[in-house]
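Residue numbering restarts at 1 for every chain, and letters A, B, ... go by the order of the sequence lines. Hydrogens, waters and symmetry mates are skipped; everything else that's a heavy atom, side chains included, is used.
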Number of protein chains: 2
Amino acid sequence: MKNKYLVIFEELEAAIYSGKYPANTTLPSENELAEQFETSRETIRKSLNILAQKGYIQKMKGKGSLVLDLQKLQFPISGLVSFKELAEKMGHTSTTFVESFSKQKASPRLAKEMQLNPDDLIWKILRVREINKEKIILDKDYIVEKYVPDLTVDICKNSIFDYIEHHLNLKISFARKEFTVEQPTEEDYQLLDMEGFQAIVVVKNYIYFDNATLFQYTESRHRPDKFRFVDFARRSEL
Amino acid sequence: MKNKYLVIFEELEAAIYSGKYPANTTLPSENELAEQFETSRETIRKSLNILAQKGYIQKMKGKGSLVLDLQKLQFPISGLVSFKELAEKMGHTSTTFVESFSKQKASPRLAKEMQLNPDDLIWKILRVREINKEKIILDKDYIVEKYVPDLTVDICKNSIFDYIEHHLNLKISFARKEFTVEQPTEEDYQLLDMEGFQAIVVVKNYIYFDNATLFQYTESRHRPDKFRFVDFARRSEL
DNA sequence: AAGTGGTCTAGACCACAGC
DNA sequence: CTGTGGTCTAGACCACTTC
């Protein structure tokens, strides 16, 4: 935590949460903040841009940086967030069941979808997520073995993301997500508490490392009544 | 279009599309680009950051800016994109039917959801979107009348966004989107070609101006088989 | 006219990759 | 060691808002 602009961003974020800068007031001007934090204006601007991008403030030319109402806007569950992080944020009791766990050669279909060499091995993991005693999510993970060689069932019971980021020290950089709604398969009916629902929300996730290599493909299948995705989007100017 | 960093972004974007910078090669270094475009490195960095945010490149410390494969990643339909823009991008023939169009006092429920004064008037617009001869999307728009006073049926047949941005010259700034899957209502069955589907994808959209005032609430109801949402997300580092 | 945020500059030092 | 991108600075000018 040494980057000045990140430190300042976090201080301002905390200050907004604490009520030091209430909603519908403006932050001190960029020049004032630069003085307060003993830094240059460009650095302050970097911090403010993160606040804006995350939906804390709205900058207005000639006026100032308006603090937005977090209550009103609620909180985006967007970005790359793992099941575990999410469940904890919501304060739910959750359990993960590892239904199957194996290492195998990629099927031709998968090899194509993940752009693998034909002899690359992949981990194939099937997990069921239970929230409040209901089996609601089916996660199918396909992870390139050569990048994440020492996977175990125990790791899968917790967070694979956590293991990759903190134990292997690999940086997850970006992901492409795709949302669709499909007919449930036999597998869905068998493994989840479908309660008569005849649709399933499928989130396909292609996850990339820092160096732009695809290392994981995840298909998350959610019971439709329990699925909710919130996004905070800024209008791109182009 | 006078901002240097935007001009440079667009040139680089075009160059990537044209094949001048093929996938899996690196762009010229920031110093080289600064020379080429006769500008400072910080300005170049602004342009490159937009490219990265949009998924064109991946920056790697010590190495360079890698051009990503657009074919592989496909294109995100994310952000705030109107139905019309979207249909045109996909190359589909599309029609919009304005089912109803009225100005009225906001219902208590809506007034609360949109944080309005009890005597504010709103436009209420019901539109059905037809793509390839199938009625697939039901759009319910609620627009605060005092911000957009002169709405007409003709405008609704085209793009309301377009009207607001280019004719009223108001700046749309950000939106909060929420995706859920629900049971279709009677209205859905009546107005859309539901073909036996028993679920509907509901996208709730709260749209804000530049000055952080909420001016429009839109509920877009999609037939589940025709719904697809793609997102390109960078891992936030916090 | 004074204050605000938006852009741009020319330089500096750092951490990291690769030879 | 050199070259890369990442951070930071101190200043400048501009467009916009407010008085």
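Relative to the axis of its first five pairs, the axis of the last five pairs of the helix from C/dA1-D/dT18 to C/dG18-D/dC1 sits at 0°, rounded to 10 degrees.
Considering only the side chain of B/Ser29, D/dG5 comes nearest among C/dC8, D/dG5, C/dT4.
Not a single donor-acceptor pair under 3.5 Å links the side chain of B/Glu38 to the backbone N or O of B/Glu35. Judged by distance alone, with hydrogens and angles left aside, the side-chain atoms of B/Asn158 form a donor-acceptor pair with the main-chain N or O of B/Asp154 at under 3.5 Å.
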Would you mind building the protein contact string for nucleotides 12-17 of chain C? One character per nucleotide, 5' to 3', B for base within reach (heavy atoms under 4.0 Å), S for sugar-phosphate only, - for untouched. B---BS
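For A/Phe101, the ring-ring contact (aromatic ring centres under 6.0 Å, His included) partners two or more places apart in sequence, or in a different chain, are A/Trp123.
Across the protein-nucleic acid pair, B/Asn3 atom CG and D/dA15 atom P stand 11 Å apart, rounded to whole Å. Here C/dG11 presents its P atom at 16 Å from CD1 of B/Ile44, a figure rounded to the nearest Å. Rounded to a whole Å, the CG atom of B/Asp210 is 18 Å from the P atom of D/dA15. Here the C1' atom of nucleotide D/dG6 and the NZ atom of A/Lys171 are 11 Å apart, to the nearest Å. When rounded to the nearest whole Å, the span between CG of A/Leu66 and P of D/dT18 equals 12 Å. Rounded to whole angstrom, the span from the NZ atom of A/Lys59 across to the P atom of D/dT17 amounts to 16 Å. Distance CE (A/Met60) to P (C/dG6): 10 Å, rounded to an integer number of Å. Atom-to-atom, CZ of B/Arg45 to P of C/dT7 comes out at 16 Å; the value is rounded to the nearest Å.
Residue-to-nucleotide proximity on DNA chain D shows that, of A/Ser40 and B/Ser65, the 5′-proximal contact is made by B/Ser65.
Contact annotation for A/Thr26: no contact, since no heavy-atom pair falls under 4.0 Å across all strands.
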Chi angles and distances behind the side-chain hydrogen bond (donor to acceptor under 3.5 Å, both in side chains) call for A/Ser102, A/Gln104: CA-CA 6 Å; A/Ser102 62; A/Gln104 55 188 248; 3.1 Å; yes
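For B/Phe215 and B/Phe209, the ring centers are positioned less than 6.0 Å apart.
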